[in-house]
Chemist: 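Just dropping this structure here.
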Amino acid sequence: MSTKESKPNLSHSQVAEIIKRLYGWTVSVIRPLPSYDDQNFYAAPSEGGEYVLKVMNSADSHNITLIELQTHAMNFLHQRGLPAQTALPTLTGKLMSLEEFDCGFGPQKYLVRLLTYLPGTTVAKITCSPQILYDVGKMAATLDTVLLQMEHPNISVLQRADFIWNLTSVPLLNQYIHVMDGDPVQNVVKAVIKQYQIQVVPKLPLFRKCINHGDFNDHNLLVKPDGPSKYQISGILDFGDMSCGYFIFELAITIMYMMIENPNPVDVGGPVVAGWESVFPLNEAERDTLYLLVLCRFCQSLVLARHAVIQQPENEEYLMITARTGVRHLCRLWELGKEEVERIWFQSAAQFSQP
């Protein structure tokens, strides 16, 4: 099934009906929220409160156990003081409901959850000071460390073999590389994939394992003002890419996404690494592969976004948000080279760490 056929497109009246039937509330305000391949709605019932109705795409809606585990993880983090959303129970006490709709491709089933709405501004919309970048790195490491303590009878479903967004799946990009035919950047992507095989694969046994959020990006992190000129992190969104991985993967993903909107992207790594290492210091193998893993995430974003646009041309603007800027950053990092980028990142991190 193509992404286009699996993505829901419910109307506001359908959303109001779902919330009334499942939760017993009359919605006074509904507005759409952006999403890559699901459908999200802000919903404010006349009874009070603010929520997000999340309608999963029909392909992922088959993975009920996985969605249950993601929902459990959000609750687990929330209980331990991290700003994650939680799911509200339906009138019958369930945290999710499988609903059937026809969104233009015949009747299909979509998993529906009502999540708490977290106020705040996405990190993408603010100017990121080094302090915010430090806090983001610290939060990413804290999240992975806390998730190490999580227990669940179905935790093995997070061993998502061949999950395309996991950094262990970088070699799978070769299946999609044709979407870049004719683009000179394709040569850089091919070289990065080759370097991954040579430099990263042999070191995988040396990386410390954990559960990754997997999408710690500037649109999935919310901040709120903390005094006249500072911010604090007020929300972590979208656990749909959670999977078993390694601590260093989360750090690489975080650095890559924090670079996207930054006017000085190469300088981002230092404060993020400093914040990360205040919670979880890197070992030698992890430090040695960080640069290449950041490049790998840029390649994943670029290739998979191009592929998704072929599936959903009408959603191109949203799908290419990261990829368009990411091409420039990928090429810049590649030109500078491992030695120079590592020098910038690790020197800056060491200075940042000093009181």
Chemist: At their closest point, which heavy atom of G214 faces which heavy atom of I253, and how far apart are they?
Modeler: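 Closest heavy-atom pair between G214 and I253: O-CD1, 3.8 Å.
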
Chemist: Would you say T122 and L222 make side-chain contact, with heavy atoms under 4.5 Å?
Modeler: yes

Chemist: Give me the ring orientation class for Y176 and H307: parallel if the planes are under 30° apart, tilted from 30 to 60°, perpendicular past 60°.
Modeler: perpendicular

Chemist: Could you report the tightest heavy-atom contact between P184 and G182, atom names first, then the distance?
Modeler: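 Where P184 meets G182 most closely, the heavy atoms are CD-O, 3.7 Å.
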
Chemist: Flag the pair Q186 / K190 as yes when at least one side-chain heavy-atom distance between them is below 4.5 Å, and no otherwise.
Modeler: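 Yes, side chains in contact.
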
Chemist: Between K109, R21, Q14, which is the residue that forms a side chain to side chain donor-acceptor pair (under 3.5 Å) with E99?
Modeler: R21

Chemist: Using only atom types and a distance under 3.5 Å, with no angle test, would you say the side chain of T289 pairs donor to acceptor with the backbone of Q199?
Modeler: no

Chemist: Quick check: are there more than 12 heavy atoms from other residues, nucleotides or ligands sitting under 6.0 Å from CD of E100?
Modeler: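 Atom CD in E100 is crowded, with more than 12 foreign heavy atoms closer than 6.0 Å.
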
Chemist: Give the minimum heavy-atom separation between Q300 and I164, together with the two atoms involved.
Modeler: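 Where Q300 meets I164 most closely, the heavy atoms are NE2-O, 3.1 Å.
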
Chemist: Would V272 and V266 show up in the same hydrophobic cluster when neighbours are defined by side-chain heavy atoms closer than 4.5 Å?
Modeler: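 Both belong to a single hydrophobic cluster.
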
Chemist: Is it true that a side-chain atom of Q39 and a backbone atom of K7 form a donor plus acceptor pair closer than 3.5 Å?
Modeler: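 Not a single qualifying donor-acceptor pair exists.
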
Chemist: Do L147 and N212 make a side-chain contact, defined as non-hydrogen atoms from C-beta onward lying under 4.5 Å apart?
Modeler: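 No, their side chains stay 4.5 Å or more apart.
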
Chemist: Could you check Y42, Y23, W25 and say which one makes a ring pair (Phe, Tyr, Trp, His ring centres under 6.0 Å) with Y51?
Modeler: W25

Chemist: Hey, is the main chain of F76 close enough, under 3.5 Å, to the side chain of R80 for a donor-acceptor pair?
Modeler: yes

Chemist: Can you tell me how far the CG atom of L333 sits from the CZ atom of R328, to the nearest 0.5 Å?
Modeler: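 L333 CG to R328 CZ: 12.5 Å, rounded to 0.5 Å.
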
Chemist: Identify the heavy atoms of R160 and M242 that sit nearest to each other, and give their distance.
Modeler: NH1-O, 2.8 Å

Chemist: Whether the side chain of S169 engages the backbone of F163 through a donor-acceptor N/O pair (distance < 3.5 Å, no angle test) should be reported.
Modeler: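 Here the side-chain-to-backbone pair exists.
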
Chemist: Given side chains that start at C-beta, do those of L330 and C299 come closer than 4.5 Å, heavy atoms only?
Modeler: yes

Chemist: Evaluate side-chain contact (heavy atoms from CB on, under 4.5 Å) for K209 paired with Y246, printing each intermediate quantity in order.
Modeler: CA-CA 4 Å; K209 292 180 179 179; Y246 302 93; 3.6 Å; yes

Chemist: Keeping the roles fixed (side chain from T26, backbone from S46), state whether a donor-acceptor pair exists under 3.5 Å.
Modeler: no

Chemist: For the CG atom of D241 and the CZ atom of F216, what is their distance to the nearest 0.5 Å?
Modeler: 13.0 Å

Chemist: In terms of hydrophobic clustering (I, L, V, M, F, W, Y; side-chain heavy atoms under 4.5 Å; direct or indirect links), are W345 and W334 co-clustered?
Modeler: yes

Chemist: Please tabulate, for the side chains in residues 280-288, all donor-acceptor contacts under 3.5 angstrom to protein atoms that are two or more places apart in sequence or on a different chain.
Modeler:
residue, atom, partner, partner atom, Å
N283, OD1, A285, N, 3.1
N283, OD1, E286, N, 2.8
N283, ND2, L206, O, 3.1
E286, OE1, R208, NE, 3.4
E286, OE1, R208, NH2, 2.7
E286, OE1, N283, N, 2.8
E286, OE2, R208, N, 3.1
E286, OE2, R208, NE, 2.9
R287, NH1, E277, OE1, 3.2
R287, NH1, E277, OE2, 3.4
D288, OD1, K338, NZ, 2.7
D288, OD2, K203, NZ, 3.2

Chemist: Ignoring hydrogens and geometry, is there a side-chain-to-backbone donor-acceptor pair from N57 to D38 under 3.5 Å?
Modeler: no

Chemist: Do L173 and L295 land in one hydrophobic cluster if side-chain heavy atoms of ILVMFWY residues count as linked below 4.5 Å?
Modeler: yes

Chemist: Ignoring hydrogens, what is the shortest heavy-atom contact between A84 and M74? Give both atom names and the distance.
Modeler: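 Shortest heavy-atom separation between A84 and M74 comes out as CB-O, 3.6 Å.
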
Chemist: L167 and M256: same hydrophobic cluster, using ILVMFWY side-chain contacts below 4.5 Å?
Modeler: yes

Chemist: Has the side chain of N75 got a donor or acceptor atom that lies under 3.5 Å from a matching backbone atom of A87?
Modeler: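 No: the side chain of N75 does not pair with the backbone of A87.
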
Chemist: Are E17 and K20 within salt-bridge range, i.e. N to O under 4.0 Å?
Modeler: no

Chemist: Can you confirm whether the side chains of D215 and N217 place a donor and an acceptor under 3.5 Å from each other?
Modeler: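 There is such a pair (donor and acceptor under 3.5 Å, judged by atom type) between the side chains of D215 and N217.
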
Chemist: Between F298 and V192, does a side-chain contact (heavy atoms from CB on, under 4.5 Å) hold up when you go through it step by step?
Modeler: CA-CA 10 Å; F298 274 116; V192 170; over 6 Å; no

Chemist: Test side-chain hydrogen bond (donor to acceptor under 3.5 Å, both in side chains) on N154 and T65 and set out the steps.
Modeler: CA-CA 7 Å; N154 296 319; T65 312; 5.1 Å; no

Chemist: The test is side-chain contact (heavy atoms from CB on, under 4.5 Å); show your working for I155 and H72 and say whether it passes.
Modeler: CA-CA 10 Å; I155 206 158; H72 174 77; over 6 Å; no

Chemist: Distance from L22 atom CG to M96 atom CE, nearest 0.5 Å?
Modeler: 12.5 Å

Chemist: Sort out for me which residue in Y257, F239, F247 forms a ring pair (Phe, Tyr, Trp, His ring centres under 6.0 Å) with H213.
Modeler: F239

Chemist: Working to the nearest 0.5 angstrom, can you tell me the gap between L304 CG and W165 CH2?
Modeler: 4.5 Å

Chemist: Rounded to the nearest 0.5 Å, what separation is found between the CG atom of L148 and the SG atom of C210?
Modeler: 6.5 Å

Chemist: Any side-chain heavy-atom pair from Q70 and I67 closer than 4.5 angstrom?
Modeler: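 They are in contact (side-chain heavy atoms under 4.5 Å apart), so the answer is yes.
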
Chemist: So does Y196 have more than 12 non-hydrogen atoms from other groups sitting under 6.0 Å from OH?
Modeler: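 Buried by this count: over 12 neighbours within 6.0 Å.
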
Chemist: When M180 is tested against each of L302, N187, V188 for side-chain contact (heavy atoms from CB on, under 4.5 Å), which residue passes?
Modeler: L302

Chemist: Are H178 and D181 close enough, and set up right, to give a side-chain contact (heavy atoms from CB on, under 4.5 Å), and what steps lead you there?
Modeler: CA-CA 5 Å; H178 61 86; D181 286 352; 3.9 Å; yes

Chemist: About how many Å separate CE of M139 and CG of L221, when rounded to the nearest 0.5 Å?
Modeler: 8.0 Å

Chemist: With a 4.5 Å heavy-atom cut-off, do Q232 and K224 have their side chains touching?
Modeler: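 In contact.
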
Chemist: Measure the shortest side-chain to side-chain distance between T116 and H78 over non-hydrogen atoms and say whether it is less than 4.5 angstrom.
Modeler: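 T116 does not reach H78 side chain to side chain.
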
Chemist: Under 4.5 Å between side-chain heavy atoms, hopping through other hydrophobics if needed: is there a path connecting V294 to F346?
Modeler: yes

Chemist: Measure the shortest side-chain to side-chain distance between R324 and V327 over non-hydrogen atoms and say whether it is less than 4.5 angstrom.
Modeler: no

Chemist: Provide the closest heavy-atom pair for I19 versus L114 in the form atom of the first, atom of the second, distance.
Modeler: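 Heavy-atom minimum between the residues: CD1-CD1, 4.4 Å.
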
Chemist: Got a sec: does the CD of E339 have more than 12 other heavy atoms crowding it under 6.0 Å?
Modeler: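 For E339, atom CD is not crowded (no more than 12 foreign heavy atoms under 6.0 Å).
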
